[in-house]
Amino acid sequence: MSNDTPVLGRTTPASAAPLVSPGSAGILHLGLGSFHRAHQAVYTAAALQADGGDWGIVGVASRSRAIVDALHAQDLLYSVATITPGSTTLTVPGVHTDAFVGAEEPERVVSQIADPGIRIVTLTVTENGYSYSPATQHLDLDDAVVRADLAGGAPRSAVGQLARGLQSRAAAGGAPISVLSCDNLSSNGTHTEKLVREFLSELPGSQGAEALAFLDRHVTFPSSMVDRIVPATTPELRARVSGLLGARDDVPVPAEPFTMWAIEDRFAGGRPAWEAGGAVFTDEVGRYEQMKVRLLNGTHSLIAYLGALSGAGTIPEAIALDGIESAARAVMRAEYEPSIELPSGVDVRAYESELFERWANSALGHRTSQVGTDGSVKLRQRIPEPALLALHRGDMPHLIALTVAGYLSCLAPLPGFDPGVHAAAMTDGARERLAALAATARSGHDLARRAIAELHLFGEEIASQDAFIARVGEFIDTIRRRGVDAAISDAVSASRTTTSSLIDAEELQP
Ligand code: CS2
C-alpha cells in the first residue's frame with residue numbers, strides 16, 4: 001500500500017455511503033470491539049437499508065482509545081472481511097454516528113442512556129464485564145470498582161453505568177428503553193436486569209427507588225443469543241483489506257460467513273428491523289442460548305485447552321488432530337446434548353456438523369489462546385450445569401472433567417509441567433490466584449480440589465461433587481505424566497463405556 005493511498009472515509013471513492021447521519025442515533029452500544037462491529041452493526045445496516053429509521057449507533061469502547069481514534073480518522077467507517085479459505089468479501093456497515101471511550105467519559109455514558117433519543121442500549125462487554133461473582137452469580141460487592149460506583153463516583157463498571165444512566169433517565173421523564181445483552185451468558189437479559197436491580201437496591205436509603213419503579217414499568221431486558229466467530233485482526237489482514245478496498249483501513253474486522261442472532265421481541269421503545277439481516281425473533285431464546293453456549297462454546301473451550309496443550313496455535317489446527325476431534329464429538333453427544341432442550345425446528349446433527357466446518361475454517365486463524373482467555377468466567381457459563389445434570393443421573397461427564405483439567409493445566413500448571421507458549425498467551429483474571437494454588441499443590445487432585453471446592457471457581461453446587469473433582473485431578477496428573485493425548489484417549493474410551501450413557505457408542509464415530 002503506497003503512502004498516497006487514501007484513508008477509508010466518507011470522501012473516499014472506495015467507501016460505501018454511510019447509512020446514518022450524526023444525530024440520528026437510537027442505539028448506544030457498550031463494548032466497541034470486533035464482535036459488535038461484525039455482528040450487531042451488520043444486522044443494523046441491513047435493517048436501515050430495508051426499513052430506515054433513526055437507529056444509528058453511538059459506540060462506546062470501554063477503555064481502548066486506539067479503536068476510537070482509528071474510527072474517527074475513518075469517519076466511523078471500517079470494513080468487515082468475511083473470510084473462507086477461498087475468498088475474502090468486504091462490506092462497510094456505516095452505521096455508527098459517534099464513538100468515545102467510556103473510561104474517559106463515564107458521565108457521557110450516563111447522559112447518553114438518559115437521552116430520550118436513545119431507545120436501546122446494547123452490550124458486548126464479554127462474560128467478564130458484568131461485575132458478578134462467578135461463585136454466587138450475584139453482583140460482586142467485593143469488587144473495588146463496583147464499590148466505588150455504588151459510593152457515587154463517575155461509574156466505571158458497565159452495570160454501574162447502566163444503573164446510573166437509567167436513574168438519570170427516570171429522573172428526566174422516564175422514556176421507555178430496552179437493554180439488550182449480546183454476550184455469551186445464559187439468560188443474558190434476565191442476568192443483566194438482576195445485576196442492575198441489585199446495584200440500584202444497594203444504593204443508600206431510597207436513592208434507587210425511583211429507578212427501580214421506572215424499571216418495573218418502562219424498561220425491558222430482552223435476552224439474545226449471538227453467534228459469529230470473529231478472531232483478532234492481524235497486520236496481514238489490514239494489508240489485504242486495504243489492497244482490496246483501494247483505501248487504507250486500519251481497523252477491519254475478520255469474520256466467518258456464518259452468523260446468527262436470536263432475540264426475544266420485547267422492546268419498550270421500538271427496535272430496528274434486524275430480521276432484514278436474518279435475525280430470528282423468538283420466544284425460545286433460552287433454548288438457542290443453551291444450545292450455543294454448550295455445543296459451540298463449551299466444545300470450543302475443550303478444543304482450545306487441549307489444542308494449546310498439543311501445541312496447536314489455532315482452532316483449525318487443533319480440530320484437525322484426530323484425538324481432539326473425537327473428544328469434541330464425544331463431549332457434544334454424550335455430555336452437552338442430553339443437557340439441552342432444542343429450539344423447535346433445529347436439526348442438532350446439522351447444527352453440529354456445521355460447527356465442525358466452522359471450526360475447520362483455516363483462513364480465519366482463530367487462536368486457541370483467544371478462546372482460552374478468561375476461562376474462569378467463560379467456563380462458569382459453559383460447564384457446571386451440564387456436568388451436574390450428568391452427575392445427578394449417575395453418569396461421570398469425563399470430557400467436561402477433561403476440559404476443566406485442560407484449563408487448569410494451561411493456567412495453573414503444577415510445578416515442573418510446561419503447558420507451552422499457547423497456554424502462556426492466555427490471560428485470565430484468576431491466573432494469579434490459581435498459580436498460587438498450583439505452586440503448593442501436591443497432586444492434580446489437590447489442585448482440582450482447591451480450585452473447585454475451595455475457590456468455588458465453577459459455582460457452589462459443583463464444589464461438593466467429590467467424584468467429579470477426583471476425575472479432574474486424575475486427568476491433570478495424566479496430562480502431566482503421560483501427555484495430553486493419553487488423557488484424551490482415556491476420556492474418550494471412558495465416555496464410550498459409561499454404562500448408563502444415553503447414546504450408543506457407535507454414534508460417537510464421525
Ligand atoms: C469463543 C467465542 O472465545 C470464545 O470463548 O468460544 O468467542 C465464540 O467464537 C463465539 O461465541 C462464536 O459466536
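Read the numbers this way: they start at 1 and go in the same order the structure lists the ligands and their atoms. Both backbone and side-chain heavy atoms feed into the values below; hydrogens, waters and symmetry mates do not.
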Assess R271 against F281: is NZ or CZ under 6.0 Å from the centre of the six-membered ring, and within 45 degrees of the ring's axis?
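Ring-cation test returns yes.
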Is the closest heavy-atom distance from M260 to ligand 1 below 4.0 Å?
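Contact check M260 vs ligand 1: negative.
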Side chain to side chain, [X] and [Y], heavy atoms closer than 4.5 Å:
X	Y	answer
Q40	C182	yes
I113	L28	yes
R367	M426	no
P93	Y78	yes

Examine the side chains of R119 and S178 and answer whether a donor and an acceptor come within less than 3.5 Å of each other.
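The criterion, which ignores hydrogens and geometry beyond distance, is not satisfied for S178 and R119.
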For [X], the ligand 1 atoms whose distance to one of its heavy atoms is below 4.0 Å:
X	result
K292	10 (C), 11 (O), 12 (C), 13 (O)
K378	3 (O), 4 (C), 5 (O)
R228	12 (C), 13 (O)
H366	9 (O)
H300	1 (C), 6 (O), 8 (C), 9 (O)

Any N/O pair R358/ligand 1 closer than 3.5 Å
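No; every N/O pair is 3.5 Å or more apart.
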Please report whether ligand 1 has a polar contact with R382, defined as an N or O pair separated by less than 3.5 Å (distance criterion only).
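Among all N and O atoms of R382, at least one is under 3.5 Å from an N or O of ligand 1.
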What protein heavy atom sits nearest atom 8 (C) of ligand 1, and how far off is it?
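Heavy-atom neighbour on the protein nearest atom 8 (C) of ligand 1: N297 ND2, 3.6 Å.
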Which residue and atom name correspond to the protein heavy atom nearest atom 13 (O) of ligand 1, and how close is it?
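Checked against all protein heavy atoms, atom 13 (O) of ligand 1 sits closest to D227 OD1, 2.6 Å.
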Determine whether the aromatic ring centres of W274 and Y43 lie less than 6.0 Å apart.
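No: the rings miss the under 6.0 Å criterion.
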Mind checking whether H191 and H138 have ring centres under 6.0 Å apart?
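No, they do not, as the ring centres are separated by 6.0 Å or more.
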Heavy-atom pairs closer than 4.0 Å: do any link ligand 1 to the side chain of N184, the backbone, both, or neither?
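Near ligand 1, N184 shows its side chain, while the N, CA, C and O stay back.
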